[in-house]
Every structure is written in structure tokens, then in C-alpha cells.
Amino acid sequence: MTRRPQASPARGWPFAVSGAIAAAVLFGVAEISSVLFSPVSSPLVAVGAAFIDVTPAWLKDVAIDAFGTADKPVLVVSMAVVALAVAAALGLVARRRLALACVLCAVLALLLGAAVLSRPGTTWGDALPTAAGAVVGIAVLRWLVGLAHRMAPRAGEATAGSGSARRAFLFAAGLTTAAAVVAAAGGRALTAAGRAAVASREALRLPGARRAAAALPAGVGADVPGMPPFITPNAQFYRIDTALAVPKIDPSDWELRVHGMVEEEFTVGFAELLDLDLQECWVTLTCVSNPVGGDLAGNAKWLGYPVRELLRRARPLAGADMVLSTSADGFTASTPLEALTDGRDALLAVGMNGEPLPLEHGFPVRMVVPGLYGYVSATKWVVELEVTRFADRAAYWTERGWSERGLIKLASRIDVPRSAATVPAGATVLGGTAWAQGIGIDRVQVQVDDGAWQDATLAAEATVDTWRQWSLAWEGAPGNHTARVRAVSRTGEVQTSGRAAPAPDGATGWHEVRFRVE
Ligand SMILES: Nc1nc2c(c(=O)[nH]1)N[C@H]1C(S)=C(S)[C@@H](COP(=O)(O)O)O[C@H]1N2
Ligand SMILES: [Mo]
């Protein structure tokens with residue numbers, strides 16, 4: 001095959017275009033996947049920010065003078081022009097040295113990734129959108145360059161069919177450009193919506209409760225160093241959900257639809273909800289996946305509107321026995337109608353420990369139902385309550401083999417000492433937590449090294465819906481020891497020693513820790 005040393009310059013444009021499109025695809029893919037990470041993971045944002053950081057002050061002043069509030073769009077457009085020029089040059093390189101162009105592309109992606117990681121508050125994961133963009137961008141470059149070659153055959157190659165090759169190239173170029181633009185615009189729009197949610201949360205001042213939570217009695221926390229706090233701070237509260245990206249809902253867009261087997265269907269907006277008689281209560285949430293001794297439990301003061309009041313307005317029809325709550329991202333939970341109407345503090349919650357719900361705990365509105373595991377009751381980002389029957393509908397985890405009802409089981413754990421800890425010889429204090437939501441804890445007993453069961457000292461009880469801390473003074477000889485704990489509820493139920501795995505309806509068994517006295 002003969003090679004023509006110089007192709008005519010007119011034939012270079014498809015390669016330059018291929019390079020520019022590949023760059024657009026890189027940024028588009030990175031933009032849409034950055035929605036899954038923090039907004040700072042967008043290479044567009046990172047490069048813009050880095051650019052602003054390195055721009056000398058005098059140039060910034062010139063730009064602001066010249067363009068005023070349009071300085072940011074001007075920045076974006078000039079960055080885009082530079083990026084497209086670089087990308088077009090890469091495309092021209094790819095014409096003859098495709099492998100080299102791909103390597104250069106990867107190097108540029110590395111620089112973009114470095115720009116992202118140089119932003120404050122980023123972690124390694126924030127480089128993933130850029131990496132994903134680079135992989136797709138390079139693939140698109142190779143594909144378009146292949147099509148461009150077919151369109152511009154070299155000397156000696158048949159020219160027949162180049163018309164259809166041209167159409168194929170233009171079609172592919174148009175398609176990828178459209179995909180890149182849609183991905184980038186979609187990514188920007190979703191991020192902007194997220195920012196609106198964050199801003200509204202920050203600006204939100206929740207009204208006070210019409211009915212305040214009972215004041216905590218003195219001594220709800222066992223006086224044992226190393227115990228978890230009685231009130232779990234929001235930032236430490238366990239988080240369990242199926243949401244890859246936390247739904248970011250602007251409260252002004254939020255609406256709850258109450259429907260199904262009811263006499264009156266209706267919807268409630270956020271402002272309307274805040275105008276109702278809100279009440280506050282202490283409730284300990286627990287996850288069905290919590291293993292014996294585990295920490296998938298947290299205790300908070302929730303502010304919200306009683307679900308029973310909403311149901312009273314809807315008037316459920318005879319035969320209904322379940323409320324299927326649905327979140328904005330499609331998760332569902334099946335709560336027995338009875339648990340929502342029997343007078344317990346089942347809330348449509350808007351506040352957690354005196355603040356609006358954190359985004360990852362369900363902002364702007366979630367359910368909280370004392371006595372039921374989260375998977376059948378605590379729907380975050382809730383947007384729908386459907387009154388129905390267990391016989392007719394199944395919830396998210398029920399369809400995946402978990403029990404359709406999930407009553408929180410009587411449980412206790414040892415928090416101090418931790419397993420495998422070393423305790424100094426002499427008098428020490430063991431401490432832990434027990435719960436029997438809706439019933440209350442009457443007794444906690446501890447057995448050390450197969451000795452007699454001893455009654456622990458119970459800390460004060462806040463409400464029957466909250467956990468209860470306990471402590472036990474103890475002194476043991478140097479060496480290895482094992483302590484186990486069991487709780488007795490107010491109805492006299494003794495926590496079973498029978499071991500059950502979390503699936504399908506919650507773990508059972510006594511929590512045991514082995515530790516060493518030295
Ligand atoms: N939308 C939504 N709500 C959800 C879940 C979920 O996956 N999606 N998980 C539930 C489960 S299994 C539990 S244990 C609780 C946990 O609530 P938290 O993350 O606020 O602690 O939320 C419940 N609500
Ligand atoms: Mo859970």
C-alpha cells in the first residue's frame with residue numbers, strides 16, 4: 001500500500017471534529033456521573049475553579065470590569081474554546097497516530113482528575129466521574145477516527161462508497177454530540193436541583209412543636225466512660241438505604257400523596273405540613289440487619305406530624321390493613337395500619353434533634369414509627385402513602401425475602417468494654433444499651449465467665465420507645481474474661497439465647513464480649 005505523505009488539509013476536519021466530540025463526550029459522561037458523587041467531582045467545575053484560583057487578581061478585576069456578572073459565562077465559554085481547540089488538535093494527532101492520541105487523552109484525563117482532587121473536600125472516589133468520562137471519550141475517539149478514515153480514503157484506495165462513509169461519519173458525529181450535550185446538561189440540571197435542596201435546607205427554620213417531647217429525666221446516660229451518647233448526634237446516626245445518590249428534594253417541590261383504600265384522597269405540601277400541629281418525640285430507630293451487639297441503632301428527638309391524623313383525614317376503608325409508603329427514589333415499606341393508628345408516636349417527621357432532617361436521613365420528610373424496624377416503617381424522602389392490604393401489595397424488602405412485618409426484637413448489648421479490649425486491673429464498670437420499643441426494659445442481667453447472672457443498674461428511662469443504658473460495677477482477676485448480657489422487658493419476656501441471623505426478621509441471641517484484664 002502506498003502512503004501519501006500529506007493528505008489534503010481539507011480532509012483533516014473530520015479528525016479535528018472527532019477530537020472535539022470525544023472531549024465533549026468526556027465532559028458529558030463525567031458530568032452525568034458526578035451526580036452520583038459530590039458536585040465537586042465534576043471536572044468542568046474543578047477546572048473552572050482551578051482556573052479561577054490561578055488567575056492573577058488583576059486579570060480577575062479586568063474580567064469583572066469588562067463582563068460584570070457575566071464573568072462566569074465568559075470564563076466557561078473561553079474554557080470551552082480552549083478545550084475544543086486542544087481536543088481538535090488531539091483529533092488531528094489521532095489521524096496518523098491513534099495510539100499516541102489515546103495516550104495523550106489519558107494524560108489529559110489524569111490532569112483533569114488531579115484538578116478535581118485538588119479541590120477542597122474531595123476524596124479519591126471523586127476522580128471516578130473523570131475516569132468514566134475518559135474511558136468513554138477514548139472509545140468515541142477511536143470509533144469516530146475509524147469512520148473518518150473510511151470517509152477520506154488514502155490514495156490508491158477505492159473511493160466508491162465514500163458518500164455513504166460520509167453519511168455514517170456525520171450520523172455518528174451528530175449522535176455522539178447530542179448524547180454528550182444531553183448528558184452534560186442533564187448532569188448540570190440534576191446538580192443544580194441538588195443545590196436548591198441544600199440551600200432550602202439551610203434556610204429552613206422549623207416551627208416549634210405544639211406538643212414538645214417529654215423532658216429527659218436526669219441520668220438517662222449510664223455514667224461509664226466510652227459509652228455511646230444517649231442522644232445520637234445526627235452526624236453519627238447510622239445510615240442505611242438503597243440510594244446510590246441521596247435524593248435531593250427541594251421542599252417547595254415536595255408533596256405527599258395519601259391515597260388507596262380511603263374515603264378521601266388528598267395531597268399535602270411542605271408549607272401546609274409545617275402549619276399543622278407538630279409534635280416532638282424521642283424514638284430509637286433500629287435496622288433489621290443489625291447483628292447481635294451491632295450499632296445499627298440510633299436515638300433521636302424527632303419533630304413531625306402524627307401519621308394517624310393524616311389517616312383520620314383520609315378515612316381508611318374497612319379491610320385495609322397496611323400503609324405502603326413510597327420514597328422519591330422508589331423504595332417502599334409496608335407498615336401495619338394498626339401501628340400507625342394505635343396511638344403510638346408514628347410521625348411524618350421533618351426534624352431530627354432540633355434541625356431539619358439531614359439530606360441522607362430523608363430531607364425534607366420521612367416516616368418514623370416506634371417499635372418497627374426501619375425497612376417496614378422509616379421511609380425517607382417519603383412522597384406517597386397508599387392505604388392497602390398486605391394481601392395486595394408487597395414492599396421493597398419483602399420482595400427480596402425479608403419478612404413482611406418487622407417488629408423490633410428485644411435486644412441488649414455490651415458497649416464497654418469493647419470486644420478484645422484490655423481493661424486495667426482493679427474496679428471497673430461494664431456498660432451497655434438495651435431496647436424493647438413500645439414496652440420498656442425492666443431488667444438487664446450480665447453474666448461474667450459463666451458465673452451467676454447479676455442485675456445491672458439501669459439508667460433512667462426516657463420513654464418506652466427509647467433505648468435504655470445500663471452499667472455494672474465489676475472487678476476481675478488479671479486474665480481473659482467473657483461477659484454476656486440479656487434483657488428482660490416490662491412484660492416479663494426474657495431475651496432469648498437462641499441465635500437467629502438478621503434475615504428474615506431480625507437477629508436474636510445474647511451479646512458476648514471477650515476482654516482481658518491486665
Ligand atoms: N427511601 C428509603 N428509606 C429508607 C430506606 C431506604 O433504603 N430508602 N431504608 C430503611 C431502613 S432499612 C432503615 S434501617 C432506615 C434507616 O434510617 P437512617 O438511615 O435514617 O438511620 O431507613 C429506612 N428508610
Ligand atoms: Mo434497615
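All ligand and atom numbering here is 1-based and tracks the order in the structure.
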### Message
One thing to verify: whether Asp277 and Arg211 come together as a salt bridge, which I'm taking to mean a side-chain N less than 4.0 angstrom from a carboxylate O.
### Response
no

### Task
Give the residue and atom name of whichever protein heavy atom lies nearest to atom 13 (C) of ligand 1, and the separation in Å to one decimal.
Gly374 CA, 3.7 Å

### Query
ligand 1 versus Tyr375, non-hydrogen atoms closer than 4.0 Å: side chain, backbone, both, neither?
both

### Atoms of ligand 1, numbered as shown, that sit under 4.0 Å from any heavy atom of Phe237
21 (O)

### Message
Looking only at protein heavy atoms, which one is nearest to atom 24 (N) of ligand 1, and what is the separation?
### Response
Ala378 O, 3.0 Å

## Note on the structure
Those residues at least two apart in sequence (or on a different chain) that pass salt bridge (charged side-chain N to carboxylate O under 4.0 Å, His left out) with Arg308 are none

### Message
Is there a polar contact between ligand 1 and Ser327, counting only N or O atoms under 3.5 Å apart?
### Response
yes

### Message
Below 4.0 Å from ligand 1: does a non-hydrogen atom of Met367 turn up there or not?
### Response
no

### Message
Pair Arg443, Asp455 - check salt bridge (charged side-chain N to carboxylate O under 4.0 Å, His left out), show working.
### Response
CA-CA 7 Å; Arg443 205 137 49 109; Asp455 282 339; 3.6 Å; yes

### Message
I'd like to know if the side chain of Thr232 reaches the main chain of Asn299, judged simply by a donor and an acceptor atom lying under 3.5 Å from each other, with no hydrogens or angles considered.
### Response
yes

### Query
Can we call the ring centroids of Trp474 and Phe515 under 6.0 Å apart?
yes

## Note on the structure
Here the atoms of ligand 1 under 4.0 Å from any heavy atom belonging to Asp329 are 1 (N)

## Note on the structure
Nearest non-hydrogen protein atom to atom 3 (N) of ligand 1, with distance, is Lys380 N, 3.0 Å

### Task
Just jot down the ligand 1 atoms closer than 4.0 angstrom to any heavy atom of Thr379, in number order.
3 (N), 24 (N)

#### Entry: Test: Arg313 cationic atom under 6.0 Å from Phe266 six-membered ring centre, within 45° of axis
yes

### Query
ligand 1 versus Tyr396, non-hydrogen atoms closer than 4.0 Å: side chain, backbone, both, neither?
neither

### Message
Taking the six-membered ring of Phe390 as reference, does the cationic atom of Arg405 (NZ for Lys, CZ for Arg) lie under 6.0 Å from its centre and within 45° of its axis?
### Response
yes

### Per-residue contact class, Val288 against ligand 1 - non-hydrogen pairs under 4.0 Å
neither

## Note on the structure
atom 9 (N) of ligand 1 sits nearest the protein heavy atom Ile240 O, 3.3 Å

## Note on the structure
Under 4.0 Å from one or more heavy atoms of Thr242, ligand 1 contributes atoms 6 (C), 7 (O)

### Query
Within 45° of the axis and under 6.0 Å from the centre of the six-membered ring of Trp453, does NZ or CZ of Arg486 qualify?
yes

